[in-house]
Amino acid sequence: MGLLAFTWPLLVRPESTLSGTTQAPLVFALLLPVVIAVALSQLTGQGMDVKALAVLGVLSALGAVLRPLGAGVAGLEGVLFLVVLGGRVFGPGFGFVLGTTTLFSSALLTAGVGPWLPFQMLAAGFVGLGAGLLPGLRGRAEVALLAGYAVVSSFAYGALMDLSFWPFTLGNETALSYSPGASVGENLHRFWLYNLATAMGWNAGRALANALLVLVAGPAVLAVLRRAARRARFT
């Protein structure tokens, strides 16, 4: 459902019509029950206890505070750094919930609530989920893996966010515009041209910031999170 919320312009028929103002509330209404269901399944399935739930709250709050410190300066925002490490240590379900709650709490903190919010929550949730599915490495190999994943996921996050509003930003007259009657391949080509022209610098800044944070602070943060996981009896 989350991927369809982003990719519907590539799949719907030309006569279909959706707008950003009507689509976002529907996505938000579908997203919240999914997040609650994932959290409850982790609790009832003994994947985590109330201590781990408290860790989720602390990490979400830290991410909410961390995000405004870099946002707006060439894309240098490190909010995905904690999402990646949290998903890595606590697993894909925890990572998905952490991504959504971090972006939601930061939006409340910075008055950033708008039609873009449910898409930001979903995209960050995908980042945390993917981090929890990475191969089980340790030491320097793990840090290098997470830094590389931070780069890839930062670009993927930016591409998904661009795709969420791309159909509404331009008319149908340019080579970068969404064309309702075009094929999937042609619209993908138009979208990547649009992404390269308008957002690649911002996405590169986000990727650089998160990769550097993983390389510099990642080992220490991983050790702290794993200690918390052991004390919370997180399985």
Side-chain angles (χ1 to χ4, degrees), residues 2-3 5-10 20 23-24 62-85 87 99-100 102-104 106-107 109-131 134 143-179 182 184-218:
L3 289 176
F6 289 103
T7 60
W8 67 265
L10 306 176
Q23 182 193 11
L62 288 175
V65 173
L66 182 64
R67 189 184 182 199
L69 299 180
V73 184
L76 298 176
E77 56 181 21
V79 64
L80 297 182
F81 157 70
L82 282 178
V83 175
V84 168
L85 297 186
T100 57
T102 298
L103 270 292
F104 181 73
S106 69
L109 184 66
T110 60
V113 178
W116 53 83
L117 177 58
F119 300 101
Q120 290 178 330
M121 293 169 63
L122 268 175
F126 289 150
V127 172
L129 187 149
L134 293 174
V143 175
L145 174 66
L146 291 176
Y149 177 76
V151 172
V152 174
S153 60
S154 294
F155 280 105
Y157 175 89
L160 286 176
M161 288 308 304
D162 283 350
L163 189 58
S164 69
F165 59 79
W166 167 60
F168 317 112
T169 56
L170 301 173
N172 296 326
E173 297 81 12
T174 72
L176 308 181
S177 306
Y178 168 64
S179 178
V184 173
E186 181 179 348
N187 268 325
L188 279 175
H189 177 70
R190 288 169 173 260
F191 169 71
W192 286 119
L193 290 177
Y194 170 81
N195 183 258
L196 286 171
T198 63
M200 194 51 60
W202 186 275
N203 293 337
R206 180 187 296 112
L208 177 63
N210 285 284
L212 286 177
L213 284 171
V214 169
L215 291 173
V216 174

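Atoms considered below: every heavy atom in the structure, side chains included; atoms not considered: hydrogens, waters and symmetry mates. Because the structure is a prediction, the values reported are computed rather than measured.
- Not counting sequence neighbours, the partners of V184 by the side-chain contact (heavy atoms from CB on, under 4.5 Å) test are L10, L188.
- Separating the CG atom in N203 from the CE atom in M200 is a distance of 5.5 Å, to the nearest 0.5 Å.
- Scored by the side-chain contact (heavy atoms from CB on, under 4.5 Å) test, L215 finds V143, A147 as partners (sequence neighbours excluded).
- Ring-plane geometry between Y194 and F165 is classed as perpendicular, the angle between the planes exceeding 60 degrees on a 0 to 90 degree scale with a lower cut at 30.
- Between S153 and V84, the closest heavy-atom pair is OG-CG2, 4.3 Å.
- Using a 4.5 Å cut-off on side-chain heavy atoms (C-beta onward), Q120 and L117 make contact.
- Summarising the geometry of L122 relative to G2, their closest heavy-atom pair is CD1-CA, 3.8 Å, with the distance given to 0.1 Å.
- The ring pair (Phe, Tyr, Trp, His ring centres under 6.0 Å) check on Y149 picks up nothing, with sequence neighbours excluded.
- Closest approach of V214 to A150, counting heavy atoms only: CG2-CB, 4.2 Å.
- Residues passing the side chain to side chain donor-acceptor pair (under 3.5 Å) test with N187: none are found, sequence neighbours excluded.
- Shown here for L82 and G63, the closest heavy-atom pair between the two residues is CD1-N, 3.8 Å.
- Rounding to the nearest 0.5 angstrom, the gap separating the CZ atom in F104 from the CG atom in L109 is 12.0 Å.
- With sequence neighbours left out, A144 forms a side-chain contact (heavy atoms from CB on, under 4.5 Å) with no residue at all.
- Between the side chain of N210 and the backbone N or O of R206 there is at least one donor-acceptor pair closer than 3.5 Å.
- Take L160 and apply the side-chain contact (heavy atoms from CB on, under 4.5 Å) test, not counting sequence neighbours, and it matches F6, A123, F126.
- The distance from the CZ atom of F81 to the CG atom of L212 is 11.0 Å, given to the nearest 0.5 Å.
- Taking CH2 from W202 and CG from D162, the interatomic distance works out to 11.5 Å, rounded to the nearest 0.5 Å.
- Heavy-atom minimum distance, A159 versus N195: CA-ND2, 4.0 Å.
- Formation of a donor-acceptor pair under 3.5 Å by the T102 side chain with backbone atoms of G99 is not found in this model.
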